[in-house]
Amino acid sequence: MTGTYIQEKLRPNHCFGCGLDNPYGLQIHSFWEGDEVVCRWTPKHYMTGPPNFLYGGISASLIDCHSVNAAVAYANRQAGHEEAFDPELFMVTGTMTIKYHKPVPMHEVELRARIAKVEGRKYLVHTDILSNGERCVSGEVLAIRIARMG
Ligand SMILES: CCCCCCCCCCCCCC(=O)SCCNC(=O)CCNC(=O)[C@H](O)C(C)(C)COP(=O)(O)OP(=O)(O)OC[C@H]1O[C@@H](n2cnc3c(N)ncnc32)[C@H](O)[C@@H]1OP(=O)(O)O
C-alpha cells in the first residue's frame, strides 16, 4: 500500500515512535479515515507493564507520535501538500496529557486522532487508544510548528 501511510511521507525519519527508518522503534503506520487519523498497531510481547497488559509509557509514546504525525499531515493537507509533504513543515510536542481509563490488553490496538484546535503555530490533537472498540487511553497533545531540526 505504497503512499497510503503518513509516515511514508516523513522520510528519512529515525524517530523512535514514528520513524520508518528506525528498526528498533514502534514503527507506527497512520492513515486518514475521513477527518480522523487512524493507526492499527500490535505490541511486542516484551512491551508489558502490569502482567498481560501494555506498559503505560508505550501507550504515551504511541499517542505522542501518532498525534504529532496527525498534526503534520493536517497542516500539509491545509497547505495543499497532501501527496508530498513540505519538508520544512516540522512539529514537536510542546505538552501532552494522558489519561489511562483501562489497562490495554496485549493485542492489536487502534489509535484515533482528530485535530481539535489550531491557533497560530499550535495544533491541539485528541487521540484515543481503543482495544476491541473500547477506549482504554486518551491523550491531548499540543504540537508546535517549528523551523526544521537537524
Ligand atoms: C520530511 C522528513 C521529516 C522527518 C521527521 C518527522 C517528524 C516527526 C517528529 C515527531 C516527533 C515526535 C514527538 C517528539 O518526541 S518531539 C520531542 C519532544 N519535544 C521537544 O523536545 C520540544 C522541546 N521544546 C522546544 O523545542 C520549544 O520549547 C518549543 C518548540 C516547544 C517552543 O519553543 P518556541 O520558541 O518555538 O515557542 P515560543 O516561545 O515562540 O511559543 C510559541 C507558542 O507556543 C506556546 N508554547 C511554547 N512552548 C510550549 C509548551 N511546551 N507547551 C505549550 N505551549 C507552548 C507559547 O506559549 C506560544 O503560544 P502563543 O503565545 O503564540 O499563543
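In each ligand, atom 1 is the first atom listed, and ligand 1 is the first ligand listed.
- Which of Glu119, Gln7, Lys122, His14 comes nearest to atom 62 (O) of ligand 1 through a heavy atom is settled by distance: it is Lys122.
- Residue Asp64 holds the heavy atom nearest to atom 15 (O) of ligand 1 of all those in Asp86, Val92, Asn76, Asp64.
- Other residues, nucleotides and ligands place no more than 12 heavy atoms under 6.0 Å from the OH atom of Tyr55.
- Residue contacts with ligand 1: Cys65 is included, with a non-hydrogen atom under 4.0 Å away.
- Every atom of ligand 1 is numbered from 1 in the order shown, and the set under 4.0 Å from a heavy atom of Arg121 is 34 (P), 36 (O), 37 (O), 40 (O), 42 (C).
- Taking each of Arg11, His66, Met91 in turn, the one with a heavy atom nearest to atom 9 (C) of ligand 1 proves to be Met91.
- Every pair passing salt bridge (Lys or Arg N to Asp or Glu O under 4.0 Å) that includes a residue from residues 11-29 is listed here, sequence neighbours excluded: Arg11-Asp21.
- The closest donor-acceptor contact from the side chain of Asp64 to the backbone of Ala60 lies at 3.5 Å or more, if one exists at all.
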Which atom pairs, one a donor and one an acceptor, fall under 3.5 Å between side chains of residues 39-52 and the rest of the protein, sequence neighbours left out?
unit_1: Arg40; atom_1: NE; unit_2: Glu110; atom_2: OE2; d: 2.8
unit_1: Arg40; atom_1: NH2; unit_2: Glu110; atom_2: OE2; d: 3.0
unit_1: Trp41; atom_1: NE1; unit_2: Leu26; atom_2: O; d: 2.9

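- Inter-residue side-chain proximity for His29 and Leu20 is flagged as met; some heavy-atom pair is nearer than 4.5 Å.
- By the 3.5 Å distance cut-off applied to N or O atoms, Lys9 is not counted among the residues near ligand 1.
- Near Gly94, with a cut-off below 4.0 Å to any heavy atom, the atoms of ligand 1 are 50 (C), 51 (N), 52 (N).
- The closest approach between any non-hydrogen atom of Pro12 and ligand 1 is below 4.0 Å.
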Worked verdict on Arg145 versus Phe90 for side chain to side chain contact (heavy atoms under 4.5 Å, CB included) | CA-CA 6 Å; Arg145 204 176 66 231; Phe90 195 90; over 6 Å; no
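- Atoms of ligand 1 lying under 4.0 Å from any heavy atom of Leu142, numbered from 1 in the order shown and given with element: 53 (C), 54 (N).
- In summary, the atoms of ligand 1 found under 4.0 Å from a heavy atom of Ile146, numbered by their order in the structure, are 30 (C).
- Residue Phe90 places a heavy atom under 4.0 Å from ligand 1.
- Ring geometry for Tyr74 against Trp32 counts as tilted: the plane angle lies between 30° and 60°, on a 0 to 90° scale.
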Checking side chain to side chain donor-acceptor pair (under 3.5 Å) for the pair His66/Thr127: CA distance, chi angles, key distance, verdict?
-> CA-CA 8 Å; His66 180 69; Thr127 296; 5.1 Å; no
